[in-house]
Amino acid sequence: MTELWIFYNALYRLTHRQWTQSQNCSKSIGLVPKQVKLCKQHLDLMDTVVHASLLAFETCQEQFSKKRWNCSSINAVPQLSKDLLRGTREQAYVYAVTSAALAHAVARACSIGVTTKCSCGALPNTPPSGAFKWGGCGDDTQYGLEFSEAFTDSTLIKKLKQKRSKKAEMNRHNNKAGRTVVSDSLALSCKCHGVSGSCNIKTCWKSLADFPVIGVELKKRHSLAVEVKTKRVKKKRVFVPLRTREQPIRPDEFIYYTKSPDYCHKDPEIGSVGTYGRFCDRTRSGTGGCGTMCCGRGYHTFVRTISESPTIFEWEIG
């Protein structure tokens with residue numbers, strides 16, 4: 001049983017569960033002890049947690065729909081394919097998008113009053129730099145980040161040995177990278193007040209970007225993920241880039257240590273479902289194009305005719 005299985009099995013499979021009693025939070029649904037405790041303490045947020053898991057699924061599948069790896073690996077939950085267990089960049093992405101979705105969903109839930117444990121985000125301490133005043137109700141980003149870290153990272157520290165494992169440390173880093181992308185999306189949102197929309201008075205607050213926007217950024221991090229190796233520094237094992245570069249690993253960069261399969265052919269041993277039977281665009285090169293998707297096997301073309309009933313418009317002449 002893996003930590004990612006725990007998260008998805010507990011949430012994605014339980015969309016219709018009624019989170020009204022603490023008895024609903026139990027190990028039997030796949031939660032680790034710390035998650036059980038968090039669940040009992042935050043029953044009013046559990047629907048939001050479930051929503052976050054669905055959001056992560058949908059974002060993953062949408063962003064990679066035209067890639068060889070189309071996020072189908074996570075459809076087999078509770079069984080996970082090898083590519084999400086061996087330290088690949090796909091594993092990095094899945095953990096990051098999960099953690100990011102949870103942070104985002106909880107931050108938004110706070111601002112709309114889903115729970116009494118949080119509310120509006122704190123207003124900036126700095127004076128406004130334009131013709132506006134601070135006000136409104138921004139997303140409680142800090143609470144969302146903290147809740148996401150507590151909930152997702154708790155699956156990585158069940159045992160001391162697992163806490164120090166290479167895989168757990170990679171997952172922890174990528175969880176944090178996903179949350180960092182969320183916090184970096186904070187931007188100014190404003191509302192005008194005045195007669196006939198004159199905007200004589202403008203109130204502004206900080207709010208997170210919508211998650212589809214964050215999803216695009218997360219996909220970019222997948223493409224630019226850094227291949228790493230471990231190195232001992234003062235008796236502590238740390239990740240360093242496999243290829244020499246001047247910059248250290250940034251908090252928002254994804255890391256991986258196992259190269260991904262090419263996903264061309266079905267191979268359960270490496271976690272590839274293959275691209276057979278997928279649609280491709282013969283007029284495109286690269287992503288979504290037949291040259292990339294078909295891996296040199298060739299492709300079949302077909303013509304689809306769609307017939308539609310004519311639309312009849314009626315009107316009166318006065």
Side-chain angles (χ1 to χ4, degrees), residues 7 11 19 34-35 37-56 59 95-157 172-194 197 199-218 220-221 250-254:
F7 183 78
L11 305 180
W19 300 99
K34 187 174 181 180
Q35 287 177 325
K37 183 177 180 180
L38 285 168
C39 176
K40 291 179 178 179
Q41 293 172 342
H42 302 85
L43 279 173
D44 50 359
L45 275 177
M46 289 308 294
D47 279 333
T48 301
V49 176
V50 172
H51 166 71
S53 70
L54 296 173
L55 182 61
T59 300
Y95 276 84
V97 73
T98 299
S99 185
L102 185 54
H104 188 276
V106 171
R108 284 278 172 91
C110 291
S111 64
I112 62 175
V114 168
T115 176
T116 58
K117 295 181 176 64
C118 56
S119 56
C120 302
L123 295 175
N125 295 322
T126 56
S129 57
F132 66 89
K133 64 178 182 178
W134 291 120
C137 184
D139 301 319
D140 196 340
T141 306
Q142 189 59 39
Y143 191 88
L145 295 173
E146 292 174 355
F147 185 89
S148 176
E149 179 179 4
F151 199 91
T152 57
D153 284 12
S154 63
T155 61
L156 305 175
I157 56 176
R172 183 178 290 105
H173 173 93
N174 291 319
N175 279 348
K176 185 176 181 179
R179 295 191 297 269
T180 301
V181 173
V182 171
S183 60
D184 286 349
S185 77
L186 266 177
L188 203 64
S189 295
C190 299
K191 183 177 182 180
C192 286
H193 310 276
C199 208
N200 294 330
I201 303 173
K202 187 161 64 171
T203 302
C204 298
W205 59 93
K206 290 292 186 74
S207 62
L208 297 172
D210 291 336
F211 202 75
V213 176
I214 294 173
V216 171
E217 289 299 315
L218 293 171
K220 290 180 183 178
R221 301 302 191 281
R250 298 196 315 270
D252 66 338
E253 285 186 300
F254 296 174

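It should be emphasised that the depicted structure is a prediction, and the values quoted were computed from it without experimental measurement.
- Salt-bridge check for Arg108 with Asp210: passed, with a basic side-chain N closer than 4.0 Å to an acidic carboxylate O.
- Summarising the geometry, atom CZ belonging to Arg221 is positioned 12.0 Å from atom CG belonging to Asn174; distances are rounded to the nearest 0.5 Å.
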Would you sort out whether His51 and Val49 count as a side chain to side chain contact (heavy atoms under 4.5 Å, CB included), showing the intermediate values?
CA-CA 5 Å; His51 166 71; Val49 176; over 6 Å; no
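- Taken to the nearest 0.5 Å, the CG atom of Asp47 stands 11.5 Å off from the OG1 atom of Thr115.
- From Leu43, atom CG reaches atom CG of Leu38 across 11.0 Å, with rounding to the nearest 0.5 Å.
- Here the side chains of Val216 and Pro212 are not in contact, with every heavy-atom distance at 4.5 Å or above.
- Within the model, atoms CG of Leu188 and OG of Ser207 stand 8.0 Å from one another, a figure rounded to the nearest 0.5 Å.
- In this structure, Thr59 contributes its side chain and Ala56 its backbone to no donor-acceptor pair below 3.5 Å.
- The two residues Leu45 and Ala109 come nearest to each other via the heavy atoms CD2-CB, 4.2 Å.
- Put simply, CD on Gln41 and CE on Met46 are 11.5 Å apart, with the number rounded to the nearest 0.5 Å.
- Looking only at distances, no side-chain donor or acceptor of Glu149 sits under 3.5 Å from a matching main-chain atom of Glu146.
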Intermediate values then yes/no, disulfide (SG to SG under 2.5 Å), Cys137 and Cys120
CA-CA 5 Å; Cys137 184; Cys120 302; 1.9 Å; yes
Quick one: do Cys192 and Ile201 satisfy side chain to side chain contact (heavy atoms under 4.5 Å, CB included)? Show the steps, please.
CA-CA 6 Å; Cys192 286; Ile201 303 173; over 6 Å; no
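- Of all non-hydrogen atoms in Asp140 and Ser119, the two that sit nearest each other are CB-O, 3.3 Å.
- The two residues Asp44 and Thr116 make their nearest non-hydrogen contact at OD2-N, 3.9 Å.
- Using modelled atom types, one finds a donor on one side chain and an acceptor on the other under 3.5 Å when comparing Ser111 with Asp139.
- Atom NZ of residue Lys176 and atom OG of residue Ser148 lie 12.5 Å apart, to the nearest 0.5 angstrom.
- Although no hydrogens or angles enter the test, the distance criterion places no donor-acceptor pair under 3.5 Å between the side chain of His104 and the main chain of Ser99.
- Counting heavy atoms of neighbouring residues, nucleotides and ligands inside a 6.0 Å radius, atom NZ of Lys117 exceeds 12 of them.
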Chi angles and distances behind the side chain to side chain contact (heavy atoms under 4.5 Å, CB included) call for Thr98, Phe151
CA-CA 11 Å; Thr98 299; Phe151 199 91; over 6 Å; no
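- Between Trp205 and Gly138 the shortest heavy-atom distance is CD1-CA, 3.6 Å.
- Within the 4.5 Å cutoff, the side chain of His173 has no heavy atoms near those of the Asn175 side chain.
- No donor-acceptor contact under 3.5 angstrom links the side chains of Asp252 and Thr180, judged on distance only.
- Proximity of the aromatic rings of His42 and Phe147 is defined here by a centroid distance below 6.0 angstrom, and this criterion is met.
- Distance check for Cys190 and Cys204: the SG atoms are under the 2.5 Å cut-off.
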Give the C-alpha distance, both sets of side-chain angles, the deciding distance and a yes or no for side chain to side chain contact (heavy atoms under 4.5 Å, CB included) between Leu186 and Asp184.
CA-CA 6 Å; Leu186 266 177; Asp184 286 349; over 6 Å; no
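- Ring geometry, Trp134 versus Phe132: the interplanar angle exceeds 60°, so the pair is classed perpendicular (tilted spans 30 to 60°).
- In terms of heavy atoms, Ile214 sits closest to Ser185 at CD1-OG, 3.7 Å.
- Looking at every heavy atom in both residues, Ser183 comes nearest to Leu145 through CB-CD1, 3.9 Å.
- Not one N or O on the side chain of Arg172 forms a donor-acceptor pair closer than 3.5 Å with the backbone of Asp153.
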